[in-house]
Amino acid sequence: MNGVHDLGGMHGLGRVSVEGDEPVFHNPWEKVVFGTMLATMGQGMYNLDEFRHGIEVMGPAHYLTSSYYEHWLETLEKNLIEKGVIDRDELDARTQEFLKDPDSPVPQREDPELADSLSQLVRAGASTRREVSAKPQFEAGDRVRTRNVHPRGHTRLPQYVRDKQGVVERVYDAFVLPDANAHGEGENPQYVYGIRFDAEEVWGDSAEPREVVYVDLWESYLEPL
Amino acid sequence: MSDSYPASEAEIAARAKALESLLVEKGLVGTDAIDRVAGAYESDIGPMLGARVVARAWSDPGFKEQLLEDASAACAQLDIGGMQGEHMVAVENSEQVHNVVVCTLCSCYPWPVLGLPPNWYKYPQYRSRAVMEPRKVLKEEFGLDVDESVDIRVWDSSAEIRYLVLPERPEGTEGMSEEELASLVTRDSMIGVGKPRTPEE
């Protein structure tokens, strides 16, 4: 979707704010949100593409005025409600209880088996690489054009590199296609290519000298030149 | 999901606790599991691991070759790897080339070698500008003046490949041990927005 999350080349957002000696989590709730994501996605309650899309569908003003882990909380709630894991009303009611009594503790429950399996998952990763029987359509050095498409759903083809010419720099393996997997349409794995774009092709006269941009794109985002 | 914004910090904290407590009560998560996996990124998984990788590459040409060929496999030799680093690629800085990494669509980042990203990497300012005016961003926001004769390569990690910058080894570090070298490698130098420290710094 042409959402506000797709930020490449947007003007007017201001200066980069670098925090010295930044902590990993700025407060306890960020740590809870991060751990809850690992614990729920790690058990397959939703997938990474559904998680990302849940952030993209936040309203643009809300997206730009909320913190990173608030984005995560939004998509966690949305996905867990949509999958029927929790109920919107019970979540709202429980939130009100904690707002009235912020120091009230979360019930403790030990689950060493889950803790071990999640630690193992962090260690082993969760690759979305898949074996496919087809051969890659493109090879390194091929010139390609990105498609001029504007899907309303999830995609990983940024707007700033649509309808642009580039060169295949690297041919990667096949990976789950986010455009399908975010919408319950299966994994539809496709080859991913590292595409090199000259800055002039992307930014025209505004390009800085001696810059190239590399973007990793799925096969269906590309057409041969 | 909130109906109004900006939400107060108190409201967000309450929502996070509410979500966790419901999942706990339903028997779907353990509080110990959440603490342990999130805590791992506070203590065990961070840029000190990437620094070990870079220091090894500076010290061992064979390892460097492997790192540039298949970064995930090379890191696995140092027992480094995992989630959000299943398919890592290392890109090498030189006198002619400076690499810098961004994720314009979200905040993809090589967790096993750098840990979780800093806020500036996740927020709109860097994500919008790094692909369009990298030289200016590096100079004005990070104090890194990349000579105009040097090519800048920006890596927008839009798929599941994760990029690690292999910075140039600082001068005056001949004879230093891997451990000493690792202490010079900063997080920012592995994203491409900084240089490693020099022995004098």
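Below, chains carry the letters A, B, ... as their sequence lines are ordered, and counting in each starts from 1. This structure is a prediction, so every number in the text was calculated from the model and none was measured.
Contact count versus chain B (heavy atoms, under 4.5 Å) is highest, among A:Ala39, A:Pro102, A:Pro158, for A:Pro158. The residue among B:Cys106, B:Ala33, B:Ala16, B:Ser21 with the most heavy atom pairs within less than 4.5 Å of chain A is B:Ser21. With chain A as partner, the option from B:Val100, B:Ile45, B:Val89 having the largest number of non-hydrogen pairs under 4.5 angstrom is B:Val89. Chain B forms the most heavy-atom pairs under 4.5 Å with one residue out of A:Arg15, A:Arg196, A:His5, A:Glu110, and that residue is A:Arg15. Listed options B:Asp156, B:Leu105, B:Asp151 were ranked by heavy-atom pairs under 4.5 angstrom with chain A; first place goes to B:Leu105. Most heavy-atom pairs under 4.5 Å with chain B: of the set A:Pro105, A:Ser67, A:Ala93, A:Gly42, this distinction falls to A:Ser67. Chain B forms the most heavy-atom pairs under 4.5 Å with one residue out of A:Leu114, A:Val215, A:Val122, and that residue is A:Val122. Ranked by heavy-atom pairs shorter than 4.5 Å toward chain B, the options A:Pro23, A:Gly3, A:Ser66, A:Gly9 are led by A:Gly9. In terms of heavy-atom pairs under 4.5 Å with chain B, the best-connected choice from A:Ser127, A:Ser117, A:Pro178 is A:Ser127.
Scanning residues 28-37 of chain A against chain B with a 4.5 Å heavy-atom cutoff picks out A:Trp29, A:Lys31, A:Val32, A:Val33, A:Phe34, A:Gly35, A:Thr36, A:Met37, ordered by number. Residues of residues 124-136 of chain B lying under 4.5 angstrom from chain A, judged on non-hydrogen atoms, are B:Pro124, B:Gln125, B:Tyr126, B:Arg127, B:Ser128, B:Arg129, B:Val131, B:Met132, B:Glu133, B:Pro134, B:Arg135, B:Lys136 in numerical order.
For A:Glu19 (side chain) and B:Asn119 (main-chain N/O), no donor-acceptor pair under 3.5 Å exists by modelled atom type. The closest donor-acceptor contact from the side chain of A:Gln43 to the backbone of B:Leu28 lies under 3.5 Å.
Taking CD of B:Glu11 as the start and CG of A:Leu99 as the end, the distance is 6.5 Å to the nearest 0.5 Å. Between A:Arg156 atom CZ and B:Cys108 atom SG the span is 4.5 Å, to the nearest 0.5 Å. Here the CG-CG distance, from B:Leu22 to A:Leu80, works out to 10.0 Å after rounding to the nearest 0.5 Å. Note that NE2 of B:His98 and CD of A:Glu211 are 11.5 Å apart. Values are rounded to the nearest 0.5 Å. Atoms CD and CZ, from A:Gln96 and B:Arg15 in turn, are 11.5 Å apart once rounded to the nearest 0.5 Å. Between the CD atom in B:Gln84 and the CG atom in A:Leu48 there is a gap of 6.0 Å [rounded to 0.5 Å].
Between B:Arg153 and A:Glu169 there is no salt bridge, since none of the side-chain N atoms of the basic residue sits less than 4.0 Å from a carboxylate O of the acidic one. Salt bridge annotation for B:Glu160-A:Arg130: absent, with no cationic side-chain nitrogen under 4.0 angstrom from a carboxylate oxygen. Electrostatic pairing of B:Lys17 and A:Glu97 does not count as a salt bridge here, judged by no charged N lying under 4.0 Å from a carboxylate O.
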> Step by step, would you call B:Glu25 with A:Arg94 a salt bridge (Lys or Arg N to Asp or Glu O under 4.0 Å)?
Replying inline: CA-CA 12 Å; B:Glu25 284 171 13; A:Arg94 186 62 57 89; 2.8 Å; yes
>> Go through it in stages, so that I can follow the logic: the residues are A:Ser17 and B:Tyr123, the test is side-chain hydrogen bond (donor to acceptor under 3.5 Å, both in side chains), and I'd like the CA-CA distance, side-chain angles, deciding distance and then a yes or no.
In response: CA-CA 9 Å; A:Ser17 174; B:Tyr123 284 148; over 6 Å; no
>> A:Arg210 vs B:Glu148, test: salt bridge (Lys or Arg N to Asp or Glu O under 4.0 Å). Steps then yes/no.
In response: CA-CA 8 Å; A:Arg210 307 187 79 94; B:Glu148 59 184 24; over 6 Å; no
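Heavy-atom distances place the side chain of B:Leu23, and not its backbone, under 4.5 Å from chain A. Contacts between B:Ala13 and chain A at a heavy-atom distance below 4.5 Å involve backbone atoms as well as side-chain atoms. Heavy atoms closer than 4.5 Å to chain B are found in both the backbone and the side chain of A:Val212. The contact between B:Tyr41 and chain A is made by backbone and side chain atoms together, counting heavy-atom distances below 4.5 Å.
Looking at heavy atoms from C-beta onward, A:Asp111 lies out of side-chain contact with B:Val29 at the 4.5 angstrom threshold.
Judged purely by distance below 3.5 Å, without hydrogens or angles, the side chains of A:Tyr160 and B:Thr104 never pair a donor atom with an acceptor atom. Using a 3.5 Å distance cut-off with no hydrogens or angles, the side chains of B:Tyr163 and A:Asp216 do pair a donor with an acceptor.
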Please tabulate, for side-chain N and O atoms in residues 69-81 of chain B, each donor-acceptor pair with protein atoms closer than 3.5 Å (sequence neighbours left out).
unit_1  : atom_1 : unit_2   : atom_2 : d
B:Asp70 : OD1    : B:Ser72  : N      : 3.3
B:Asp70 : OD1    : B:Ala73  : N      : 3.1
B:Ser72 : OG     : B:Gly85  : O      : 3.0
B:Ser72 : OG     : B:Glu86  : O      : 3.2
B:Ser72 : OG     : B:Met88  : N      : 2.7
B:Gln77 : NE2    : B:Gln66  : OE1    : 2.8
B:Asp79 : OD1    : A:Arg123 : NH2    : 2.4

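Other residues, nucleotides and ligands place more than 12 heavy atoms under 6.0 Å from the CD atom of B:Glu201.
Listed by first and then second residue, the ring-ring contact (aromatic ring centres under 6.0 Å, His included) pairs that reach into residues 57-92 of chain B are A:Phe175-B:His87, sequence neighbours excluded.
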